Asks: 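Here it is, the structure, as structure tokens.
Computed from heavy atoms alone, side chains included, the values below leave out hydrogens, waters and symmetry copies. The model shown is predicted, which means the values in this text are computed figures rather than measured ones.
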2 protein chains.
Amino acid sequence: MSDDSILKKFGERVRQLRKARGFSQQSFAATCGLDRTYIGGIERGERNVALRNMEAIAKSLGLSVSELTTGL
Amino acid sequence: MSDDSILKKFGERVRQLRKARGFSQQSFAATCGLDRTYIGGIERGERNVALRNMEAIAKSLGLSVSELTTGL
DNA sequence: ATGTGACTTGAAGTCCGTC
DNA sequence: AGACGGACTTCAAGTCACA
């Protein structure tokens, strides 16, 4: 069970938005103030990201949290 | 800094939506499959809620995660 | 430049209660 | 009905070495 499709969807969305801006995981992680392996884990749907980190990611993408979670 | 205003905003939003539906914290927590003290903590802005629980809360409110995070 | 497993530690989350 | 505390277990956060 443990339906983690929401994590996968969120990861795909982050990856898509990051790429669209021409960031590498590395430079993007730095912008967010997070570790590159952590960002990688998010994009692979392995991390159950919480509000504070979602905000950091959204901010680095120039979006609101609500916009970042569009489709979820 | 450690700006936790996003947690407060999220908590206020949850409280507002829950009340609008006539739920008590207790019955709402049960619907979400979460603990009543945890829901209370969220509404007080003390909890850094992660994606899976946000989804459970959104579902119990009949909303998407994106709709739940409107304003964030 | 990214994937991945393993790891530590601080916070998430539960369960008991009282006010 | 809700705030809040203590004690507890589980998991997210954050980092590392190496593929």
Side-chain angles (χ1 to χ4, degrees), chain A residues 1-66 68-69 71-72, chain B residues 1-66 68-69 71-72:
Chain A
M1 295 273 298
S2 175
D3 189 7
D4 61 347
S5 65
I6 189 164
L7 305 189
K8 291 215 174 97
K9 278 187 195 165
F10 181 72
E12 286 167 14
R13 177 125 176 96
V14 170
R15 175 163 290 175
Q16 168 203 330
L17 291 163
R18 169 182 65 78
K19 284 190 168 176
R21 281 153 183 79
F23 286 115
S24 66
Q25 283 186 354
Q26 205 138 9
S27 60
F28 182 60
T31 307
C32 295
L34 298 170
D35 195 86
R36 70 158 188 89
T37 65
Y38 184 58
I39 295 291
I42 290 172
E43 293 189 359
R44 273 174 269 124
E46 295 169 357
R47 298 287 186 155
N48 185 21
V49 189
L51 227 25
R52 283 205 263 251
N53 284 341
M54 289 178 62
E55 184 185 35
I57 291 168
K59 200 167 282 183
S60 298
L61 291 167
L63 298 174
S64 67
V65 173
S66 178
L68 176 60
T69 55
L72 305 179
Chain B
M1 290 281 279
S2 178
D3 190 7
D4 63 346
S5 64
I6 189 165
L7 305 189
K8 291 212 175 99
K9 279 187 194 166
F10 182 72
E12 285 167 13
R13 178 123 177 98
V14 170
R15 173 162 290 173
Q16 169 201 329
L17 292 164
R18 170 183 64 79
K19 284 190 169 176
R21 282 153 181 77
F23 285 115
S24 67
Q25 283 186 354
Q26 210 139 5
S27 61
F28 182 60
T31 306
C32 295
L34 297 169
D35 196 84
R36 66 175 172 82
T37 66
Y38 183 55
I39 295 292
I42 290 173
E43 292 189 0
R44 273 175 267 124
E46 296 168 358
R47 298 293 185 158
N48 186 24
V49 190
L51 225 27
R52 283 206 264 252
N53 285 340
M54 290 179 63
E55 183 184 35
I57 290 168
K59 200 166 282 184
S60 297
L61 291 166
L63 298 174
S64 67
V65 172
S66 178
L68 176 60
T69 55
L72 307 179

Asks: Can you name the side-chain contact (heavy atoms from CB on, under 4.5 Å) partners of A:Ser66, sequence neighbours left out?
Replies: A:Ser64, B:Ser66, B:Thr69, B:Thr70
Asks: Restricting to side-chain hydrogen bond (donor to acceptor under 3.5 Å, both in side chains), what partner residues turn up for A:Ser60, sequence neighbours left out?
Replies: none
Asks: Sequence neighbours excluded, which residues qualify as side-chain hydrogen bond (donor to acceptor under 3.5 Å, both in side chains) partners of A:Asn53?
Replies: A:Tyr38
Asks: For each nucleotide in nucleotides 10-19 of chain D, reading 5' to 3', give B when a protein heavy atom comes within less than 4.0 Å of its base, S when such contact involves only the sugar-phosphate, and - otherwise.
Replies: --SBBBBBB-
Asks: Listed by chain and number, what are the side-chain contact (heavy atoms from CB on, under 4.5 Å) partners of B:Thr37, not counting sequence neighbours?
Replies: B:Asp35
Asks: Give me each pair satisfying salt bridge (charged side-chain N to carboxylate O under 4.0 Å, His left out) with a member in residues 17-31 of chain B, each pair once, sequence neighbours excluded.
Replies: B:Arg18-B:Glu43
Asks: Can you list everything that forms a side-chain contact (heavy atoms from CB on, under 4.5 Å) with B:Glu46? Sequence neighbours excluded, please.
Replies: B:Arg44
Asks: How many angstroms lie between atom CG of A:Leu17 and atom CD1 of A:Ile57, to the nearest 0.5 angstrom?
Replies: 10.5 Å
Asks: Quick one, which residues of residues 9-20 of chain A touch DNA chain C with a heavy atom under 4.0 Å?
Replies: A:Arg15, A:Arg18
Asks: Below 4.0 angstrom, which residues in residues 24-32 of chain A have at least one non-hydrogen atom near DNA chain D?
Replies: none
Asks: A:Phe10: which residues meet the ring pair (Phe, Tyr, Trp, His ring centres under 6.0 Å) condition with it, sequence neighbours left out?
Replies: none
Asks: Taking only residues two or more places apart in sequence or in another chain, which ones pass side-chain contact (heavy atoms from CB on, under 4.5 Å) with A:Gln16?
Replies: A:Arg13
Asks: Apply side-chain hydrogen bond (donor to acceptor under 3.5 Å, both in side chains) to B:Asn48 and list each qualifying residue two or more places apart in sequence or on a separate chain.
Replies: none
